[in-house]
Amino acid sequence: MEWNEVLVQRLDAPLRAWFAEQSLWEGIVIEPVWQETRKEFEGELTLVLFGLAKVAGVKPDLLSGMLGPLWSSLTLENGEPLIRSANQVGGFLNLGLSLAYWRQRWAKGYSLSNQSFDPVQGNAECGIRSKIVLEYSSPNTNKPLHLGHVRNHLLGDSMYRILSCLGHEIIRVQVINDRGIHICKSMLAWQKFGEGSDPMGSNMKGDHFVGEYYVLYEKAYQAQVKERIASGLTREEAESSAPILQEARTMLQQWEQGDETVVNLWKKMNAWVYEGFEATYERLGIGFDRNYYESQTYLLGKNLVEQGLAQGVFRRDDQGAVWADLQDIGLDSKILLRSDGTSVYITQDLGTAEQRQKDWGFDRMIYTVADEQNYHFKVLFAILGKLGFDWASRCHHLSYGMVDLPSGTMKSREGKVVDADDLINEVQALAEAKMVESEKLQAIAAEERRELALQIGLAALKFYILKVDPAKRMTFNPEDSLDMHGHTGPFVQYAHARIASMLARVPVQEKALAESWTLDQGRSWLPAELDLIRQFSQFEPSVNLAAEQYNPAHVADFAYGLATAFNRFYHDCPVLQESQVETRKFRIALCNQTRLLLHDSLDLLGIKAPNRM
RNA sequence: GAUCCCGUAGCUCAAUGGAUAGAGCAACUGCCUUCUAAGCAGUAGGUUACUGGUUCGACCCCAGUCGGGAUCACCA
């Protein structure tokens, strides 16, 4: 309901006060509903009258008439009027804010780098200026990163940027799943088929190299399964008894026992993978403050189970397995230790959470993990709560939907995946091809052009993914993701580049003058000008909403809306060619402010804002 | 079987319980001698899966039906 500060401080409170003063409605408390005025009506803010009229027992028309004097009585600190116009349309009262208001509001500046950026405090859970552990990425080390990881990376990175700009201290972490049967499969295949080769010699990225062996393992395994089915076994028997799987299991045991040969091979192959991952992260522009390795954390959590047993919140069954009973909160019972005393996945997660609390003393923790694990996190947080950790209620699962291809679900087993590196190369190549085509950028040096192409290609990719509500499953259409027209990242970048190139022509003295623009000049603002100014005021609310809902799409929406408003302005209003000096100054100031906000909002999405394109 | 999520234009996505459900892509029509046409302006496209209910008002809340996905392992 907090559309922005103007509501809360300048309209909502006076309205409530006015209402309370009317003897007619003694004791009646109102909940005004405000919203942005729809484009086709005069005004910027709308008060919805239906509810108020009902509570007050009068018709909207009458209420609207009664409110007239209130609006004209509202003034700014300097005595200038706050409200420019008030029009009732049906059950809606559309208020236009005075130019004086907009000027004063704008004078504070809208920008992240501006000291006055002081977001409205979010909901209680969000708190302000808290220390937050933010987990994202968390790959397995047996194969390269794919599109699913990319959605995760982009969401995590953008939330990092958004929460940081609101003053939170963010610790970015990833869990690297570096141990387990999956990596043993790659290791085994390399031993069998690798003949001592390495990524360098094969001219491959390390993660792709290791991934190849995972695929080779799967092929060999499938062949064995087929063979065994042919010799009379059921599929299930054949699958569980295939010799190569047995070998992989043996290798895992050897690893757990610290077998030197196996551990060395494991270290070598993981190192290859990390090198590959780093390269991908680097190109995507994302990073981490701390890596947690599963090989170092997978034994954590057992002490917590003991603690829980002692507290009486867990129970041990006849076979010796330990359970957390969650039926009181509508969940099932969850096993925490097998009857042989070994731990399961969630045991490790409990331990890791505690470890992070010890490491960082965080106020909040966010896990960026796909929605197939919704239930898992419900259970995890519930158990942490039962163990008595007060921070359990401040853990949040940033859940996001799977990425589908137009042909259906991605299936890594069947090789139906979009590889992250391929994808990045593709968007870059397309952007570069487009630049070569265009006359504008022919003179640019090849190296610079490649870098610019990467910035533009990534803008297309990132915006395409981030503009979708994380909670929703999305379809990734490769063709659409490469689009650079319309509702896309390059569209926003383009508006920024246009401004940059225009401002580069403004003489330095005039730039300084433009900072002290006035705009009275005896005329009102043109629609395109006012639209831009309205858009500016949406920046802070958008960022806050994105933070509260863990949804960068609100920032993407803002960036797109601002770019659209600017393009209209650019089309309708001359800037450098405007002869009237005050108007020219004012428009330069508008451009400058727009440029700052386009830059900032793109930055929050992890997108670069080049000065030319 | 139980629980959870989703269903909006041909396609991809928007829409704190509020106005005539909005954008982009694709299609069609205009606009580069003018600050970058990766742009602007316009046309066309909808029984918001279906049936009821609550409400002054429902894409949104409730119940049910149909369709899609996920989860519920002494797997990770």
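Given the structure is predicted, the values throughout are model-derived calculations rather than measurements. Here is how names work: the chains are called A, B, and so on, in the same order as the sequence lines, proteins then strands, and each is numbered from 1.
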Output the rounded distance in Å from CZ (A:R612) to P (B:rA38).
15 Å
Distance, rounded to the nearest Å, where A:H571 contributes NE2 and B:rU34 contributes C1'
11 Å
Mind calculating the distance between CG (A:N551) and C1' (B:rA15) to the nearest angstrom?
13 Å
Per-nt protein contacts along nucleotides 68-76 of chain B (heavy atom under 4.0 Å; B base, S backbone sugar-phosphate only, - none) come out as -SSSS-BSB
One should read off an interatomic distance between A:Q355 CD and A:T297 OG1, to the nearest 0.5 angstrom, of 8.5 Å
Indicate, with yes or no, if the rings of A:F566 and A:H496 have centres closer together than 6.0 Å.
no
Regarding A:R151 and the six-membered ring of A:Y400, is the cationic atom NZ or CZ under 6.0 Å from the ring centre and inside 45° of its axis?
no
At under 4.0 Å between heavy atoms, what does A:R505 touch on the DNA or RNA strands: base, sugar-phosphate, or nothing?
sugar-phosphate
Could you check whether A:H182 and A:Y214 have their ring centres less than 6.0 Å apart?
no
Scan residues 491-498 of chain A against RNA chain B and write down, sorted by residue number, each residue with any heavy atom closer than 4.0 Å; if none is found, say none.
A:F491, A:Y494, A:A497, A:R498
Please name all residues satisfying ring-ring contact (aromatic ring centres under 6.0 Å, His included) with A:F41, sequence neighbours left out, ordered by chain then number.
none
Closer than 3.5 angstrom, by distance alone: can the side chain of A:R315 be matched with the main-chain N or O of A:D325 as a donor-acceptor pair?
no
So, for A:L602 and A:A609, which heavy atoms are closest and what is the spacing to 0.1 Å?
CD1-CB, 4.0 Å
Does A:D469 reach a base, just sugar-phosphate, or nothing at all? Heavy atoms under 4.0 Å.
sugar-phosphate
Just by distance, with hydrogens left out, do A:D332 and A:Q327 show a side-chain donor and acceptor under 3.5 Å apart?
no
Rounded distance in Å - CZ (A:F566) to C1' (B:rC40):
12 Å
Can you sort out which residues in residues 53-62 of chain A have a heavy atom within less than 4.0 Å of RNA chain B? Ascending by number, please.
A:K54
Within this structure, what is the NZ-to-P distance between A:K39 and B:rA23, rounded to whole angstrom?
9 Å
Do the ring centers of A:F92 and A:W34 come within less than 6.0 Å of each other?
no
Once you measure the plane-to-plane angle for A:F491 and A:Y560, does it fall in the parallel (<30°), tilted (30-60°) or perpendicular (>60°) bin?
tilted
Mapping A:I456 and A:M502 to their closest nucleotides on RNA chain B, which lands nearer the 5' end?
A:M502
For nucleotides 17-20 of chain B, which of its nitrogen or oxygen atoms have a protein nitrogen or oxygen under 3.5 Å away, and what is each distance?
unit_1 : atom_1 : unit_2 : atom_2 : d
B:rA19 : OP2    : A:R38  : NH1    : 3.2
B:rA19 : N6     : A:T46  : OG1    : 2.9
B:rA19 : N6     : A:N94  : OD1    : 3.2
B:rA19 : N1     : A:N94  : OD1    : 3.2
B:rA19 : N1     : A:N94  : ND2    : 3.4

Looking at A:R235 and A:E239, is there a salt bridge between them, counting it only when a charged N and a carboxylate O are closer than 4.0 Å?
yes
Aromatic plane relationship, A:Y217 with A:Y221 - under 30° parallel, 30 to 60° tilted, over 60° perpendicular:
parallel
Which pairs, protein N/O on one side and nucleotides 24-30 of chain B N/O on the other, fall under 3.5 Å?
unit_1 : atom_1 : unit_2 : atom_2 : d
B:rG24 : O2'    : A:H487 : N      : 3.3

Going by the rule ring-ring contact (aromatic ring centres under 6.0 Å, His included), which residues pair with A:H599 if we only count those two or more places apart in sequence or in a different chain?
none
Rounded to the nearest Å, what distance is computed from the CD atom of residue A:Q327 to the C1' atom of nucleotide B:rU3?
14 Å
Mind checking if A:S501 touches a base, just sugar-phosphate, or nothing, with heavy atoms under 4.0 Å?
base
Tell me every residue that passes side-chain contact (heavy atoms from CB on, under 4.5 Å) with A:L482, counting only those two or more places apart in sequence or in another chain.
A:E426, A:V427, A:L430
B:rG39 to B:rG24 separation - C1' atoms, rounded to the nearest Å
14 Å
What contact category does A:N611 fall into here, base, sugar-phosphate, or nothing, at under 4.0 angstrom with non-hydrogen atoms?
base
Of all heavy-atom pairs linking A:A563 and A:V492, the shortest is CB-CA, 4.0 Å
Separation of A:D557 atom CG from B:rU16 atom P, in whole Å?
10 Å
Among residues at least two apart in sequence or on other chains, which ones pass salt bridge (Lys or Arg N to Asp or Glu O under 4.0 Å) with A:E237?
none
Donor + acceptor pair across side chains of A:H376, A:D349 (<3.5 Å):
yes
Name the stems with RNA chain B in them: runs of three or more consecutive Watson-Crick or G-U pairs, distances under 3.5 Å?
B:1-7 with B:66-72, B:10-13 with B:22-25, B:27-31 with B:39-43, B:49-53 with B:61-65
Hey, is the main chain of A:D178 close enough, under 3.5 Å, to the side chain of A:W266 for a donor-acceptor pair?
yes
With sugar-phosphate meaning primed atoms plus P, OP1 and OP2, does A:N374 contact a base, only sugar-phosphate, or nothing at under 4.0 Å between heavy atoms?
nothing
Identify whether the glycosidic angle of B:rC32 places it syn (within 90° of 0) or anti.
syn
Those residues that, when tested against A:S138, pass side-chain contact (heavy atoms from CB on, under 4.5 Å) (two or more places apart):
A:E135, A:Q174, A:V175
Please report the distance, rounded to the nearest Å, between CG in A:L326 and P in B:rA2.
21 Å
Sorted by chain and residue number, the salt bridge (Lys or Arg N to Asp or Glu O under 4.0 Å) partners of A:D531 (sequence neighbours excluded) come out as A:K39, A:R568
